[in-house]
Amino acid sequence: MDKIIPQTGGCQCGSIRYRLNATPSMLYVCHCRDCQKQSSSAFGMSLMVSLDDVEFLQGRDLLKTWDTRGDDGLVKRCAFCRHCGSRIYHGSVTANRPVSIKAGSLDDTGWLRPVAHIWLDRAQPWIKVDPREFRCFAEEPDDEQALSAQWRQQLAQE
Ligand SMILES: [Zn+2]
Ligand SMILES: [Zn+2]
């Protein structure tokens with residue numbers, strides 16, 4: 001399964017470079033309003049990985065953060081490049097909780113295949129997701145562990 005690791009990525013201007021040293025636990029697409037705002041687009045892609053497995057190769061001091069509060073009431077720390085503004089990751093400040101790497105920042109996005117679409121109740125009206133291809137959730141997924149297992153299985157089969 002670790003044939004895909006390591007993976008490198010960076011911000012849009014190239015000042016910040018990072019490497020993922022472990023296989024992410026899940027990839028999903030989120031259509032919530034926060035993700036639309038954050039990406040300035042239609043949805044966000046969340047690649048879940050422990051921050052300990054994200055190694056900054058360059059520009060770590062250029063990483064700027066701001067805090068907001070998620071729907072779960074927890075503080076969400078958002079990290080972005082202070083030069084170009086690209087969001088690199090965000091996540092709970094609680095230790096040992098995975099962060100959401102913004103998957104579009106990877107150099108190679110060809111292997112990415114989300115396991116689920118979540119918050120479809122908030123999706124832009126033109127978005128149609130085939131439930132035979134992806135797990136679909138109107139809001140938050142009910143069982144993240146099962147989803148994660150499915151994502152790892154899917155990855156292993158590629
Ligand atoms: Zn940048
Ligand atoms: Zn979202």
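This one's a predicted model, so the numbers in the text were calculated from it and none came from an experiment. Whatever order the structure lists them in is the order used to number ligands and atoms, beginning at 1.
Exactly one of Ser39, Ser46, Ser86 qualifies for a side chain to side chain donor-acceptor pair (under 3.5 Å) with Lys102. That residue is Ser46. When each of Glu140, Glu139, His31 is checked for a side chain to side chain donor-acceptor pair (under 3.5 Å) with Trp119, only Glu140 meets the rule. Only one option out of Val49, Ile4, Thr8 pairs with Leu20 in a side-chain contact (heavy atoms from CB on, under 4.5 Å); it is Val49.
Neighbouring protein atoms of the Zn ion (ligand 2) (N, O or S, distance under 2.8 Å, waters ignored): Cys30 SG, Cys32 SG, Cys35 SG. Distances from the Zn ion (ligand 1) under 2.8 Å pick out these protein N/O/S atoms: Cys11 SG, Cys13 SG, Cys81 SG, Cys84 SG.
Note on residues 41-56: pairs passing salt bridge (Lys or Arg N to Asp or Glu O under 4.0 Å), not counting sequence neighbours, are Arg19-Glu55.
The CD1 atom of Ile88 sits 6.5 Å away from the CZ atom of Phe56 when rounded to the nearest 0.5 Å.
The side-chain hydrogen bond (donor to acceptor under 3.5 Å, both in side chains) test applied to Thr94 returns Ser92, not counting sequence neighbours.
Ile5 is connected to Trp151 through a chain of hydrophobic side-chain contacts under 4.5 Å among Ile, Leu, Val, Met, Phe, Trp and Tyr, so both are in one cluster.
Look at Asp143 and Arg135 and you find no salt bridge, because none of the NZ, NE, NH1 or NH2 atoms lies under 4.0 Å from a carboxylate O.
Cation-pi check for Arg113 over Phe134 is met; the charged atom lies under 6.0 angstrom from the ring centroid and within 45 degrees of its normal.
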